[in-house]
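Before any comments, here is the structure.
Each chain gets a letter, A, B and so on, in the order the sequences are listed, and its residues count up from 1. Everything numeric in this text was worked out from a predicted model, so none of it was measured.
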2 protein chains.
Amino acid sequence: MRYHRIPDETIRRLPVYLRGLLSSAEQGHERISSKDLAEFLGVNSWQVRKDFSYFGGFGTRGVGYEIDKLAQQIKKILNLDNVKKAALVGVGNLGSAVLAYPGFKMFGLEIAAAFDISPKKVGKKINNVKIEDASKLQTLRRREIKLAIISVPRDAAQKTADSLIKAGVKGILNFSPCYISVPKKVKVITIDIAMDLARLPYYIPAG
Amino acid sequence: MRYHRIPDETIRRLPVYLRGLLSSAEQGHERISSKDLAEFLGVNSWQVRKDFSYFGGFGTRGVGYEIDKLAQQIKKILNLDNVKKAALVGVGNLGSAVLAYPGFKMFGLEIAAAFDISPKKVGKKINNVKIEDASKLQTLRRREIKLAIISVPRDAAQKTADSLIKAGVKGILNFSPCYISVPKKVKVITIDIAMDLARLPYYIPAG
DNA sequence: CTATGTGAATTTATTCACAGCA
DNA sequence: TGCTGTGAATAAATTCACATAG
């Protein structure tokens, strides 16, 4: 193992690898080669090996990778063994869908709190998570929740982010279609569904 | 204007610029400088200018960009003036939220069809779109729908994609947490919500 | 004097090719 | 012999610096 600054693109791919490894384990495999893992995920085998090499290389030459061990390592690198709980703000259509989304569990992630401003929604439960009033956002600090998902209307996104950061949140997954300005120490990943759909036509030949 | 191979990253940013321009127009502006646009979107001004320069540069030196004109140009480049209709397959929690999502309109996109296999859902209407039986997927060809959104369970994603491609679909926005294998001519963009949330902890210092 | 447009320099990421270990 | 791990080569994207047009 040697020190390297880890490319951001490698970090982006780690959850992809993790997903592949966990799927492979589900199917009863214990070992996997970079080639098989790559094919399963639609990437190149040398990319896989290069990415793992930044962390020291986890495989056995001539054999491949031990799935469980590698998955554990990736979880550790991604800090998924420490940070697990996330809060969701904005329980509209999209927010409700995210609350009910079953895919977080495989990464050890859990939506542990949900907030909304509508009195009609506050108090209800979705997927066993009780919806709290948005004024209670500051409780996140003592609950040690450092991740949040924003699914409020665009105009409320920046203010929501400000409150979340004041409550100690360090990472934000933003579903609102706008840029959110945050201090350097806070990481924001924005998912804009419409924007992703909007760039598909570029790849479609006219006619 | 000169010929250049356009970087994929530039294409990825074009909808971001478009969103910014449309917002700016909403606020009553007619012109905008690369600096102002960049600040609004959280990018650098030289990045904006460089990106536009691949298409020939649309601005006026000393003045800036005419918002309407530039927005039209970007729409044209992205092929958003030709391709507008999309189909959605899988009307579960996430699919319903996507159907009701108001953000597509600003890009001129429209979800014009929705499909599901559940008899309970078929026939219902969400957001004025009638849910059809999934066996009717092949009608997409004569309806000239070339874009599709997949929000079915993971195990059904590949088969759904195969059917869509058989029906003439050329671009797929995939919400299922898995790799989808497609012919080269078909473009797939995968959004994996859990994966995006899963890489946030990496950026959060322990403790 | 202002703000664009763009070659050139730099940084970052991907791909290759093969050495090294089981 | 098979598959990993990694320097080196290549490719791509970003950043810079400034000439250029209004």
Any side-chain donor-acceptor pair under 3.5 Å between B/Thr60 and B/Arg31?
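Not at all, the side chains of B/Thr60 and B/Arg31 share no donor-acceptor pair under 3.5 Å.
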
At a cut-off of 3.5 Å, list every protein nitrogen or oxygen paired with a nitrogen or oxygen from nucleotides 18-22 of chain D, distance to 0.1 Å.
from	atom 1	to	atom 2	distance (Å)
D/dT20	O2	B/Arg61	NH1	2.6
D/dA21	O4'	B/Arg61	NE	3.4

Which pair of non-hydrogen atoms, one from B/Lys146 and one from A/Ile204, has the smallest distance, and what is that distance?
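Residues B/Lys146 and A/Ile204, closest heavy atoms: O-CD1, 3.9 Å.
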
Rounded to the Å, how far apart are [X] [atom1] and [N] [atom2]?
X	N	atom1	atom2	result
A/Ile11	C/dA13	CD1	P	11 Å
A/Gln73	D/dT4	CD	P	16 Å
B/Ile32	C/dT2	CD1	P	19 Å
B/Tyr65	C/dT2	OH	C1'	13 Å
A/Phe58	D/dT6	CZ	C1'	15 Å

Pick out the pairs of N or O atoms, protein on one side and nucleotides 8-14 of chain D on the other, that lie under 3.5 Å.
from	atom 1	to	atom 2	distance (Å)
D/dT14	OP1	B/Arg13	NH1	2.9
D/dT14	OP2	B/Arg13	NH1	3.4
D/dT14	OP2	B/Arg13	NH2	2.8
D/dT14	OP2	B/Gln47	NE2	3.4

I'd like to know if B/Glu132 pairs up with B/Arg143 as an ion pair, taking the criterion as any Lys NZ or Arg NE/NH1/NH2 lying under 4.0 Å from an Asp or Glu carboxylate oxygen.
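Judged by the 4.0 Å cut-off on N to carboxylate O distance, B/Glu132 and B/Arg143 do form a salt bridge.
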
Using a 4.0 Å heavy-atom cut-off, does B/Phe52 contact any base of the nucleic acid, only the sugar-phosphate backbone, or nothing at all?
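No contact.
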
Compute the centroid of each ring, for A/Phe55 and then for A/Phe52, and state whether the two points are separated by less than 6.0 Å.
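Centroid distance A/Phe55-A/Phe52: not below 6.0 Å, so no.
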
